[in-house]
Amino acid sequence: MKNPSDVLGEFERRGYIEQVTDFEGVKRYLSEPAVCYIGFDPTADSFHVGSLVPILALVHMQRYGHRPIAILGGGTGLIGDPSGKTEMRRLLSWDELNHNARMLKAQLSRLIDFSDDKALFLNNADWLVGLKYIDFLRDIGRHFSVNRMLAAESYRQRLEKGLNFIEFNYMLLQAYDFYYLSKEFDCMLQMGGSDQWGNIVAGIDLIKKKLGKQAYGITFPLITTATGAKMGKTAEGAVWLSSEKTSVYDFYQYWVNTDDRDVIRFLKLFTMLPVDEIEKVEDLKGEELNPLKRILAFEVTSLIHGYEEAVKVYTSASSVFGAIEVPDDLLPSSKIPRKIEESRGTYPTVTFPADRIEKGIFLYDLLCESGLCTSKSAARRLIEQGGAYVNDVRINNVKAVLNKNAIAENSLILRAGKKKVKRIVFN
RNA sequence: GGAGAGGUUCCCGAGUGGCCAAAGGGAGCAGACUGUAAAUCUGCCGGCGUAUGCCUUCGGAGGUUCGAAUCCUCCCCUCUCCA
């Protein structure tokens with residue numbers, strides 16, 4: 001069993017920590033199995049890559065013997081957190097909320113063990129919705145100074161754009177969450193993104209005032225890529241953890257395409273590989289980083305979608321981009337297949353009726369309908385610019401028509417640019 | 001409640017009656033170079049498609065006009081100042 005207090009060191013070495021309210025205090029608190037919590041946004045029915053750090057923080061906590069609590073901001077989601085947003089969030093309906101809660105818990109369950117209450121998944125709607133306005137003002141509201149709230153960074157930004165009263169109350173509700181959890185579950189540590197600092201501190205103050213107890217807070221840094229983009233954002237939108245929303249293939253690709261400068265940092269942040277091992281490969285540069293990128297992609301995919309799926313995408317990606325041997329001594333704890341036997345990868349597949357190909361089908365139609373291009377115009381452009389490949393042969397003719405000659409075993413491989421590939425099956 | 005400013009294509013932002021599918025930048029896409037990286041260069045960047053063409057788009061609904069993102073009316077939203 002690991003030493004519970006070492007989790008803090010682990011966080012430090014992995015780059016999980018932005019701020020701590022009281023480092024020594026937290027260390028003492030974590031010196032024996034403790035309870036900690038993180039709140040999650042209920043606005044979608046899947047987490048995305050941006051939530052990975054908080055989620056993995058809970059995973060680490062559990063591995064070190066602590067009891068993590070994931071709070072779904074059901075009650076607060078009905079309001080919308082202004083922190084770090086420049087716009088007001090849309091309000092959720094009850095049905096959406098319940099649906100999202102189910103889906104999110106299922107996702108977390110793959111990573112966190114909720115059996116026997118070793119971890120908890122709670123919805124703050126359970127205790128927030130029943131609050132009485134007047135009681136709340138008397139018991140909780142009086143402890144908050146508006147002056148201090150206005151000074152909080154999270155509100156200051158919004159003050160410039162405009163902040164309505166409902167959002168202004170968000171801090172009180174989140175502080176109340178923390179107070180509630182400290183009272184009911186002895187949870188004295190809250191973690192969260194750096195934009196949550198103000199809310200966390202407010203909760204600590206409230207606990208001090210109401211219970212006379214000391215609570216703690218840790219915030220994670222906002223993770224951006226080397227190019228300055230927010231983590232997990234692509235042109236197509238967020239990179240989701242749900243394979244329904246982001247295919248496992250695209251998920252894997254997102255990670256392999258990591259910028260050189262981010263590889264080591266991301267290995268520490270987003271995989272569970274031992275930090276010792278990661279630190280040993282820190283000096284690798286240039287092309288040597290390619291196997292590391294594959295390990296990164298493999299490990300994260302494996303964590304989120306499971307080992308089997310990860311092996312599958314890894315194999316198919318290798319058949320698209322070429323297999324490389326990953327040395328046994330490179331991050332030895334990784335379960336990535338070190339050698340790939342030449343096998344046909346499983347490309348993302350789209351099926352078409354067989355008569356389409358028998359009649360002959362315009363290449364641009366196929367590109368468009370298979371989802372590789374967003375419109376026929378885009379498909380034409382792609383062909384004109386030399387980015388369209390059928391079975392690895394570049395097709396430059398915009399009016400190209402595919403017929404039976406193009407297929408082998410009822411399928412063909414369609415490429416758009418270097419990175420987007422689909423297998424088209426006709427039957 | 002009063003006064004003012006504003007809402008333009010994925011984002012920022014120009015455009016004040018025809019030359020506007022709408023400048024410029026960013027993002028994105030393709031190609032070259034490469035290592036499924038970055039940087040750079042070239043091209044593209046509403047849709048249908050190849051027609052001096054049509055359709056959709058400048059907050060929403062109407063109107064004026066041969067013609068509107070641009071003018072008028074009403075409405076919605078945002079911001080600033082005052083109360």
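Quick note: numbers below take in every heavy atom, side chains included, and nothing from hydrogens, waters or symmetry partners. It should be emphasised that the depicted structure is a prediction, and the values quoted were computed from it without experimental measurement. Convention: sequence-line order gives letters A, B, ...; per-chain numbering from 1.
For the segment residues 289-301 of chain A, residues with any heavy atom less than 4.0 angstrom from an atom of RNA chain B are, sorted by number, A:N290, A:K293, A:R294. The stretch residues 253-270 of chain A touches RNA chain B through A:Q253, A:V256, A:N257, A:T258, A:D259, A:D260, A:R261, each having a heavy atom within less than 4.0 Å of the strand.
Taking OH from A:Y37 and CG from A:N124, the interatomic distance works out to 8.0 Å, rounded to the nearest 0.5 Å.
Taking A:Y216 as the reference, A:Y29 meet the ring-ring contact (aromatic ring centres under 6.0 Å, His included) condition, with sequence neighbours excluded. Residues satisfying the salt bridge (Lys or Arg N to Asp or Glu O under 4.0 Å) test with A:K422, not counting sequence neighbours, are none. Residues satisfying the side chain to side chain contact (heavy atoms under 4.5 Å, CB included) criterion with A:E309, sequence neighbours excluded, are A:V248, A:H305, A:K312. Residues satisfying the ring-ring contact (aromatic ring centres under 6.0 Å, His included) criterion with A:F136, sequence neighbours excluded, are A:Y176. Among residues two or more places apart in sequence or in another chain, the ring-ring contact (aromatic ring centres under 6.0 Å, His included) test is passed with A:Y389 by none. Partners of A:F40 according to the ring-ring contact (aromatic ring centres under 6.0 Å, His included) rule, which considers only residues two or more places apart in sequence or in another chain, are A:F47. Partners of A:S145 under the side-chain hydrogen bond (donor to acceptor under 3.5 Å, both in side chains) rule, at least two apart in sequence or in another chain, do not exist in this structure.
Base pairing of B:rU73 is made with B:rA61, judged by Watson-Crick or G-U wobble geometry with both donor-acceptor distances under 3.5 Å. Across all strands shown, B:rA27 forms no Watson-Crick or G-U wobble pair with both key distances under 3.5 Å.
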Give me the distances for all protein-to-nucleotides 10-12 of chain B N/O pairs that come in under 3.5 Å?
none

Contact list (N/O, under 3.5 angstrom) for nucleotides 49-53 of chain B vs protein:
residue : atom : partner : partner atom : Å
B:rG49  : OP1  : A:K376  : NZ           : 3.0
B:rG49  : OP2  : A:R380  : NH2          : 3.2
B:rG49  : N7   : A:R380  : NE           : 3.3

Could you tabulate the donor-acceptor pairs under 3.5 Å formed by side-chain atoms of residues 288-300 of chain A, not counting sequence neighbours?
residue : atom : partner : partner atom : Å
A:E288  : OE1  : A:K285  : N            : 3.0
A:K293  : NZ   : A:T258  : O            : 3.0
A:K293  : NZ   : A:D260  : OD1          : 2.7
A:R294  : NH1  : A:G322  : O            : 3.1
A:R294  : NH2  : A:G322  : O            : 3.3
A:E299  : OE2  : A:S334  : OG           : 2.6
A:E299  : OE2  : A:K335  : N            : 3.3

